[in-house]
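These notes are about the structure you will find just below.
Just so you know, these numbers use all the heavy atoms, side chains as well, and skip hydrogens, waters and symmetry mates.
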Amino acid sequence: MLPTRKNVKKEIIIGFLVGIIANAIGTLTYILLFSELGIKETFQAAMQQGHVGSLLALGALLNLIAFFLFLRIKRDNRAKGVLIATILTALVILYHKVF
């Protein structure tokens, strides 16, 4: 039985949300493990020093795990959603680097 268009969209949205949440968890974990400042202070310092992109890129490493996990369990549309979230993160990083 072929998946319906509605189910495909739902799976991609689930993957996208997993990608965004994984990125947030990865970023917060990095801050908590390696920063001497609090979360808010670390973000403020990163904004002032122009390192927000670096924080987001390190957080996106968890997307790699989610992406390959979804591929391994044959959830290709969820993997597509994670990929979309990763591309969105890359665009945000590019924006912060250029502007």
Side-chain angles (χ1 to χ4, degrees):
M1 186 163 113
L2 293 173
T4 63
R5 183 175 286 240
K6 185 177 180 181
N7 286 341
V8 170
K9 286 183 181 180
K10 179 182 172 187
E11 290 293 308
I12 291 174
I13 290 171
I14 289 171
F16 178 78
L17 293 175
V18 167
I20 296 296
I21 292 168
N23 196 336
I25 290 172
T27 302
L28 292 174
T29 302
Y30 177 78
I31 290 171
L32 292 173
L33 290 177
F34 298 109
S35 178
E36 296 175 2
L37 303 173
I39 295 170
K40 185 176 179 181
E41 293 82 15
T42 301
F43 271 114
Q44 288 173 345
M47 289 291 283
Q48 290 173 351
Q49 297 172 6
H51 295 299
V52 173
S54 300
L55 278 177
L56 292 175
L58 288 168
L61 288 175
L62 282 183
N63 285 1
L64 190 65
I65 296 168
F67 177 77
F68 284 112
L69 178 69
F70 284 140
L71 286 180
R72 184 176 192 123
I73 62 173
K74 308 263 191 265
R75 298 287 186 148
D76 293 351
N77 288 318
R78 288 188 185 191
K80 288 178 190 176
V82 173
L83 183 61
I84 292 168
T86 304
I87 291 170
L88 178 65
T89 302
L91 291 173
V92 170
I93 292 168
L94 180 65
Y95 176 81
H96 278 285
K97 295 286 183 184
V98 173
F99 301 107

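Across all their heavy atoms, L37 and A45 have their closest contact at CD1-CB, 4.4 Å. Closest approach of T42 to G38, counting heavy atoms only: OG1-O, 2.6 Å. Taking every heavy atom of both residues into account, L62 and A22 meet most closely at CD1-O, 3.4 Å.
No single ILVMFWY cluster, assembled from side-chain heavy atoms under 4.5 Å apart, contains both I73 and I65. Under the 4.5 Å side-chain contact rule for hydrophobic residues, V18 and L71 share a cluster.
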Check: residues 81-99 side-chain donor-acceptor pairs under 3.5 Å, at least two apart:
from : atom 1 : to  : atom 2 : distance (Å)
T86  : OG1    : N63 : ND2    : 3.0
T86  : OG1    : V82 : O      : 2.9
T89  : OG1    : N23 : ND2    : 2.9
T89  : OG1    : A85 : O      : 2.9

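Between atom OH of residue Y30 and atom CG of residue L33 there is a gap of 9.5 Å, rounded to the nearest 0.5 Å. In this structure, CG in L28 is found 8.0 Å from CD1 in I25, a value given to the nearest 0.5 Å. In this structure, the separation between NZ on K10 and OG1 on T4 is 9.5 Å, given to the nearest 0.5 Å. In this structure, N77 CG and K9 NZ are separated by 12.5 Å, a value rounded to the nearest 0.5 Å. From Q48, atom CD reaches atom NE2 of H51 across 11.0 Å, with rounding to the nearest 0.5 Å. Between atom CZ of residue F70 and atom CD1 of residue I14 there is a gap of 8.0 Å, rounded to the nearest 0.5 Å.
Looking at heavy atoms from C-beta onward, I20 lies out of side-chain contact with L17 at the 4.5 angstrom threshold.
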